[in-house]
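Each chain gets a letter, A, B and so on, in the order the sequences are listed, and its residues count up from 1.
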There are 2 protein chains.
Amino acid sequence: MLKRKPSLTEQAKTYIKQRIQNDEYDGARIPSETELAFQLGVSRTTIRDALSRLQIEGVIYRKQGAGTFVNKATLQIKSRLEEIWCYENVLEDHGYVPSTRILGMRRERPDLEQSITLGMEESEELLIVEKLFLANDRPVILTVNQIPVKIFERPFVVEDLHAPVFQFLQDFSRRRLSYYVSEIVPSTVSGALSEALGLEAQTPLISFEETGYDEEHEPILLARSYFRDDLLRFRLIRREVV
Amino acid sequence: MLKRKPSLTEQAKTYIKQRIQNDEYDGARIPSETELAFQLGVSRTTIRDALSRLQIEGVIYRKQGAGTFVNKATLQIKSRLEEIWCYENVLEDHGYVPSTRILGMRRERPDLEQSITLGMEESEELLIVEKLFLANDRPVILTVNQIPVKIFERPFVVEDLHAPVFQFLQDFSRRRLSYYVSEIVPSTVSGALSEALGLEAQTPLISFEETGYDEEHEPILLARSYFRDDLLRFRLIRREVV
DNA sequence: TAGTGGTCTAGACCACAAA
DNA sequence: TTGTGGTCTAGACCACTAG
């Protein structure tokens with residue numbers, strides 16, 4: 001019934017997820033693992049693997065002895081904090097048309113903290129990019145990215161910076177962005193920031209202080225992002241342990 | 001080598017995690033799955049299951065063809081936002097001695113929004129609890145919990161409110177808190193809040209607006225929490241999809 | 001090429017929930 | 001009691017990495 005490549009598990013996951021999104025399992029109950037295995041002609045282990053991944057995503061939950069169910073509560077959650085990867089998608093999920101504007105690009109020597117965090121020599125330079133994200137042409141997110149110049153292996157122009165950071169790094173450097181460790185910091189807008197985001201001074205807002213790592217778990221970028229929370233809300237699900 | 005109950009997977013996970021924390025796998029490389037299976041006298045599937053859970057927790061990462069490695073970058077992260085379950089533990093993780101003070105407890109009629117979110121009748125009442133968390137006797141977190149009175153099945157006194165909410169609900173109601181959906185909201189302190197947390201007015205801070213659900217995915221509590229971010233920082237790991 | 005993690009199978013038994 | 005998900009086994013082959 002299914003073919004190899006992508007993996008059977010991946011295909012099974014997609015199959016089930018689509019049926020959930022099409023509301024084909026009305027009443028929230030999903031067929032049993034044995035039944036699904038028979039339907040797709042794969043082993044129960046493969047189905048269990050697919051369901052486990054959907055469970056991690058929060059799409060379904062299981063009750064021993066009872067069955068597997070669609071998680072209606074979390075189905076509507078748009079931007080789950082842990083899953084935010086590129087802001088364009090977040091804005092789309094909120095129903096906005098995203099666009100970007102490059103406010104500034106320059107090279108600078110890192111300060112002590114930056115050079116330590118990023119493992120740079122003093123003589124190296126940082127590329128600093130200030131980028132504004134707009135939702136339906138209204139400013140919502142301002143990001144400042146700081147990337148060691150030495151990781152680039154191809155030249156680029158300002159227009160290339162409109163692409164999502166991970167895309168930009170993939171295209172012009174030899175390192176790939178794998179994950180961020182983000183710290184949530186409260187602040188208030190002031191000066192240039194209030195102008196860029198179109199907010200009155202002293203408005204409270206949320207910012208992320210982030211370090212981006214590559215697949216080798218080496219830090220490759222520092223970022224600071226500021227959000228207009230009246231246009232954008234972040235949600236997350238908090239559970240007991242794991 | 002291992003006995004049943006708790007599950008072999010759970011025991012294997014604990015075994016590996018402890019060895020990681022004791023730094024017994026210096027150089028970051030963990031024995032191969034086959035090797036671990038042999039050492040513990042279980043099947044490779046069991047080991048893989050244990051490792052998968054550790055991977056989800058961010059403790060290890062795997063590279064096909066190369067091996068399994070300790071994730072040094074995330075090992076130091078204290079309060080991962082997704083895993084926050086009770087604030088006492090968060091404070092302990094930060095190295096503080098936690099304590100609590102009940103600032104207020106009263107019953108009120110819910111407003112329209114509250115009654116809709118919690119599925120209450122207009123005639124029902126809400127229990128409202130204001131609780132202050134202290135770290136080494138300094139105020140750090142203020143929470144306001146709102147719980148429908150009808151879910152309680154045993155009487156309680158003010159002292160019982162010092163227990164973590166999930167514990168309190170478990171002991172005195174017939175519903176169990178299963179997870180929160182939290183929204184992150186920026187705000188500034190004012191009035192009673194600034195007094196309780198010992199902050200100057202207008203200091204920016206982070207708050208959570210939360211809805212707590214039971215195991216049946218029915219909402220059972222509303223909460224609002226405010227944090228002093230100079231004493232407490234929240235971190236999270238953001239990855240691509242899942 | 002050898003060894004690692006990734007995928008997959010077929011089958012077994014257990015724990016739990018609902019009828 | 002029946003059927004569900006939870007755990008576990010033994011073994012197979014594939015995809016990838018490193019020496």
Side-chain angles (χ1 to χ4, degrees), chain A residues 1-16 20 25 27-56 59-71 174 176 178 214-217 241-242, chain B residues 1-16 20 25 27-56 59-71 174 176 178 214-217 241-242:
Chain A
M1 178 148 306
L2 298 178
K3 291 177 183 173
R4 296 290 154 97
K5 211 69 168 169
S7 71
L8 295 180
T9 304
E10 201 56 42
Q11 293 177 71
K13 185 185 144 188
T14 309
Y15 172 92
I16 298 165
I20 289 173
Y25 300 134
R29 170 86 183 271
I30 287 177
S32 76
E33 298 178 349
T34 318
E35 172 63 21
L36 282 169
F38 174 74
Q39 280 181 20
L40 299 183
V42 296
S43 76
R44 192 185 147 210
T45 311
T46 303
I47 294 295
R48 273 189 68 74
D49 213 348
L51 290 176
S52 295
R53 299 187 195 184
L54 288 173
Q55 187 175 26
I56 291 170
V59 176
I60 58 163
Y61 61 95
R62 292 143 136 171
K63 281 177 91 166
Q64 183 172 133
T68 303
F69 305 85
V70 177
N71 193 342
R174 57 183 187 284
R176 276 181 56 116
S178 174
D214 68 7
E215 288 155 322
E216 263 70 47
H217 303 267
V241 286
V242 178
Chain B
M1 176 148 310
L2 298 177
K3 291 177 182 173
R4 295 290 153 98
K5 212 71 167 153
S7 70
L8 295 181
T9 304
E10 201 57 42
Q11 292 177 72
K13 185 184 143 187
T14 309
Y15 172 91
I16 298 164
I20 288 174
Y25 300 134
R29 170 84 183 271
I30 287 177
S32 76
E33 298 179 348
T34 317
E35 171 63 24
L36 283 169
F38 174 75
Q39 281 181 19
L40 299 181
V42 298
S43 76
R44 191 184 148 209
T45 311
T46 303
I47 294 295
R48 273 190 67 74
D49 213 348
L51 290 176
S52 295
R53 297 187 197 186
L54 289 174
Q55 188 175 25
I56 290 170
V59 177
I60 58 163
Y61 62 95
R62 291 145 137 171
K63 279 177 92 169
Q64 184 172 136
T68 303
F69 305 85
V70 177
N71 192 343
R174 58 183 186 287
R176 276 181 55 117
S178 174
D214 67 7
E215 287 153 322
E216 264 68 47
H217 303 266
V241 287
V242 178

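Between B:Thr46 and the phosphate of D:dT7, there is no side-chain N or O to OP1/OP2 separation shorter than 4.0 Å. Taking 4.0 angstrom as the limit, A:Arg48 places a side-chain polar atom (N or O) nearer than this to OP1 or OP2 of D:dG6. Note on A:Arg44: every side-chain N or O is 4.0 Å or more away from OP1 and OP2 of D:dT7. Taking 4.0 angstrom as the limit, B:Arg62 places a side-chain polar atom (N or O) nearer than this to OP1 or OP2 of C:dG6.
Among C:dG5, D:dT7, C:dC16, the nucleotide with an atom closest to any side-chain atom of A:Gln64 is C:dC16. Taking only side-chain atoms of A:Thr68, from C-beta outward, the nucleotide of D:dC8, D:dG5, C:dT7 with the closest atom is D:dG5.
In terms of position along DNA chain D, the nucleotide closest to A:Glu33 lies nearer the 5' end than the nucleotide closest to the other residue of the pair A:Glu33 and B:Ile47. In terms of position along DNA chain C, the nucleotide closest to A:Ser43 lies nearer the 5' end than the nucleotide closest to the other residue of the pair A:Ser43 and A:Lys63.
Rounding to the nearest 0.5 angstrom, the gap separating the CD atom in A:Glu35 from the OG1 atom in A:Thr68 is 12.5 Å. Taking OG1 from A:Thr45 and CD from A:Glu33, the interatomic distance works out to 9.5 Å, rounded to the nearest 0.5 Å. How far CD of B:Gln55 is from CZ of B:Arg48: 8.5 Å, rounded to the nearest 0.5 Å.
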Going through the checks in order, is the side chain to side chain contact (heavy atoms under 4.5 Å, CB included) test met by B:Ile30 and B:Leu36? CA-CA 9 Å; B:Ile30 287 177; B:Leu36 283 169; 3.9 Å; yes
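For the residue pair A:Ser52 and A:Arg62, a side-chain donor N or O sits within less than 3.5 Å of a side-chain acceptor on the partner.
Regarding A:Leu8, its CG atom lies at a distance of 11 Å from the P atom of C:dA10, rounded to whole Å. In this structure, B:Arg29 places its CZ atom 10 Å from P of D:dA18, rounding to the nearest Å. Spacing between atom OH of B:Tyr61 and atom C1' of D:dT17 amounts to 14 Å, rounded to whole angstrom units. Between the P atom of D:dG5 and the CD1 atom of A:Ile30 lies a distance of 9 Å, rounded to the nearest Å. We find that CG of A:Leu51 is positioned 14 Å from P of C:dC8, with the value rounded to whole Å. Separating the NZ atom of B:Lys13 from the P atom of D:dC8 is a distance of 13 Å, rounded to the nearest angstrom. Atoms CG (B:Asp49) and P (C:dG5) sit 15 Å apart, rounded to a whole Å.
Base engagement by B:Thr45 is indicated by at least one non-hydrogen atom pair under 4.0 Å involving a base atom. Using a 4.0 Å heavy-atom cutoff across all strands shown, B:Ser32 reaches sugar-phosphate atoms only and no base atom.
An end-to-end axis angle of 10° holds for the helix from C:dT1-D:dA18 to C:dA18-D:dT1, taken from five base pairs per end and rounded to 10°.
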